[in-house]
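Just the heavy atoms: all of them, side chains too, but no hydrogens, waters or symmetry mates, feed the values below. The shown structure was predicted, so the numbers you read here are calculated from the model rather than taken from an experiment.
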Amino acid sequence: MSSGVFSYQSLVHAVSGAVGSVTAMTVFFPLDTARLRLQVDEQRKAKSTPAILAEIVKEEGLLAPYRGWFPVICSLCCSNFVYFYCFHSLKASWLKGHQSAPSTDLIIGIAAGVVNVLVTTPLWVVNTRLKLQGSKFRNADIHPTNYSGILDAFVQIIRDEGVGALWNGTFPSLLLVMNPAIQFMIYEGLKRQLRRGVPRELSSLEVFVIGAVSKAVATTVTYPLQTIQSILRFGQFNKSTERSKLLSSLKTIKCLLVNRVRKYGILGLFKGLEAKLLQTVLTAALMFLLYEKIASCTFRVMGLTNNHYKKR
């Protein structure tokens, strides 16, 4: 395989990132369930994450926090494979062996994020619906859905709402490419600082800490848009009547943000942030740790260890 867009290195990064993210998400999945309920169910009071999970288990059963696990894992696996592959292949093509910089990491992260959003949004729309199906909501305006699985959800959404509904939330998702872009910029920057020009493998603790820090910053900055994204993917909101898709998306996002602030104040935009930070920071930290270890072992077996560290 040639270096650049099509290379064994990019493939190793993609597989390592996908495996690491799936494992980490499985461990911390209940925290994501609590976060999603707080974002979508406006009538549910913002309590601590353990209290929300206790309520869900009491009302819906012991396995309720893991409802929708399979579609989420499928979406996450595809999404991270695409993102890691695009990020590292674009980076290899751009740098051609030279040292990277924060601005370069940010631009490449945005480009990889755009490709990822356009390719995987339908999967995330379906998994959001499946994850919330059967939930007991406080908001009486939310209508129950009845999907038997991933394929049935695709069929029903296309039949009842049109193909375009599979890309609900695409516009805020495109804005949210800043989340992984900021995350990777901070993560790669901190790695360069820790190495101080010496090509070495970071310790497990170092990787875990910088993975957690980078995700915490990226999540806090972009959280209000993540809330709107979840509402749009769920599909139960008043749609704009604008003919232009772009104007309609902008108007819908503006209305959802304004209504949220009017009802609950500025803090309403950050409802569920505690659960999101707890879940996403721990998940990202574990994901990066597993990703680095899997990639490192694979490159060592392939005899590419030195090149792997020097190019980053």
Using a 4.5 Å side-chain heavy-atom cut-off and chaining through intermediate ILVMFWY residues, the residues clustered with L151 come out as none
Steps toward side-chain contact (heavy atoms from CB on, under 4.5 Å) verdict (K215, T283): CA-CA 9 Å; K215 192 61 177 179; T283 301; over 6 Å; no
side-chain contact (heavy atoms from CB on, under 4.5 Å) partners for T220, two or more places apart: L277
Starting at OG1 of T280, measure out to CE of M287 and round the result to the nearest 0.5 Å. 8.5 Å
Joint cluster assignment, Y83 & I182, ILVMFWY side-chain distance < 4.5 Å: yes
Residue pair G109 / A181: nearest heavy atoms and the distance that separates them: C-CB, 3.8 Å
Go through it in stages, so that I can follow the logic: the residues are E201 and S296, the test is side-chain hydrogen bond (donor to acceptor under 3.5 Å, both in side chains), and I'd like the CA-CA distance, side-chain angles, deciding distance and then a yes or no. CA-CA 8 Å; E201 183 176 350; S296 173; 3.2 Å; yes
Does a salt bridge link R192 with D105, judged by any charged N lying under 4.0 Å from a carboxylate O? yes
State whether the side chain of T219 and the backbone N or O of A216 hold a donor-acceptor pair below 3.5 Å, judged by distance alone. no
With salt bridge (Lys or Arg N to Asp or Glu O under 4.0 Å) as the rule and sequence neighbours excluded, what pairs involving residues 203-212 come up? R200-E206
Here the gap from L205 atom CG to I210 atom CD1, rounded to the nearest 0.5 Å, amounts to 10.5 Å
Determine whether K91 and S100 make a side-chain contact, defined as any pair of heavy atoms from C-beta on separated by less than 4.5 Å. yes
How many angstroms lie between CZ in F154 and OH in Y147, if you round to the nearest 0.5 Å? 11.5 Å
Are the side chains of S204 and K293 in contact, using a 4.5 Å heavy-atom criterion? yes
4.5 Å side-chain heavy-atom contact, E292 and L202: no
Testing the basics here: between Y223 and L273, what is the closest heavy-atom pair and its distance to 0.1 Å? OH-N, 3.4 Å
May I ask you to check whether over 12 heavy atoms, not counting those of R262, lie within 6.0 Å of atom CZ? no
Identify every side-chain donor-acceptor pair in residues 117-125 under 3.5 Å, counting partners at least two apart or on other chains, and give the distances.
residue	atom	partner	partner atom	Å
T120	OG1	N116	O	2.7
T120	OG1	N116	OD1	3.3
T121	OG1	V117	O	2.6

Of all residues at least two apart in sequence or in a different chain, which pass the side-chain contact (heavy atoms from CB on, under 4.5 Å) check with A111? L90
Selection residues 145-155 - residue pairs positive for salt bridge (Lys or Arg N to Asp or Glu O under 4.0 Å), sequence neighbours left out: none
Would you check if T26 and W69 make a side-chain contact, meaning some heavy-atom pair closer than 4.5 Å? yes
Atom CE of M185 and atom CD1 of I110: how far apart are they, to the nearest 0.5 Å? 9.0 Å
Please answer: with hydrophobic residues joined when any side-chain heavy atoms are less than 4.5 Å apart, are L194 and I186 in the same cluster? yes
Hits for side chain to side chain donor-acceptor pair (under 3.5 Å) against S21, two or more places apart or cross-chain, chain-then-number order -> N80
Between C77 and A18, what is the shortest heavy-atom contact and its length? O-CB, 3.7 Å
State plainly whether one hydrophobic cluster holds both I266 and L225, where clusters connect Ile, Leu, Val, Met, Phe, Trp and Tyr through side-chain heavy atoms under 4.5 angstrom apart. yes
Could you pull out all residues at least two apart from L53 that satisfy side-chain contact (heavy atoms from CB on, under 4.5 Å)? P30, L31, A34, T49, P65
In this structure, would V281 and V22 fall into the same cluster of hydrophobic residues linked by side-chain contacts under 4.5 Å? no
Distance in Å, K254 NZ paired with I228 CD1, rounded so as to fall on 0.5 Å steps: 13.5 Å
Hydrophobic cluster mates of L62, side-chain heavy atoms under 4.5 angstrom, ILVMFWY only, any path? V57
Would you please name every residue forming a ring-ring contact (aromatic ring centres under 6.0 Å, His included) with F288, sequence neighbours left out? F184, Y187
What heavy-atom pair brings I150 and C74 nearest, and what distance separates the two atoms? CD1-SG, 4.3 Å
Is it the case that W94 and T104 place a side-chain donor and acceptor less than 3.5 Å from each other? no
When you look at V209 and L190, which way does the side-chain contact (heavy atoms from CB on, under 4.5 Å) test go after all the steps? CA-CA 10 Å; V209 170; L190 289 173; over 6 Å; no
Roughly how far apart are N179 CG and T222 OG1, rounded to 0.5 Å? 3.5 Å
On a heavy-atom basis, the closest approach of I294 and S16 is CG2-OG, 3.3 Å
What are the two closest heavy atoms between C86 and S89, and how far apart are they? O-OG, 3.2 Å
I want to check something: taking the side chain as every heavy atom from C-beta on, are R67 and T33 in contact at a cut-off of under 4.5 Å? no
Checking Y66 now: which residues fulfil ring-ring contact (aromatic ring centres under 6.0 Å, His included) with it, not counting sequence neighbours? F29
I'd like to know if Y291 and V82 are part of one continuous hydrophobic network [Ile/Leu/Val/Met/Phe/Trp/Tyr, side-chain heavy atoms within less than 4.5 Å]. no
With a 6.0 Å cut-off on ring centres, are H13 and Y8 close enough? no
Under the side-chain contact (heavy atoms from CB on, under 4.5 Å) test, which residues partner V27, sequence neighbours left out? L286
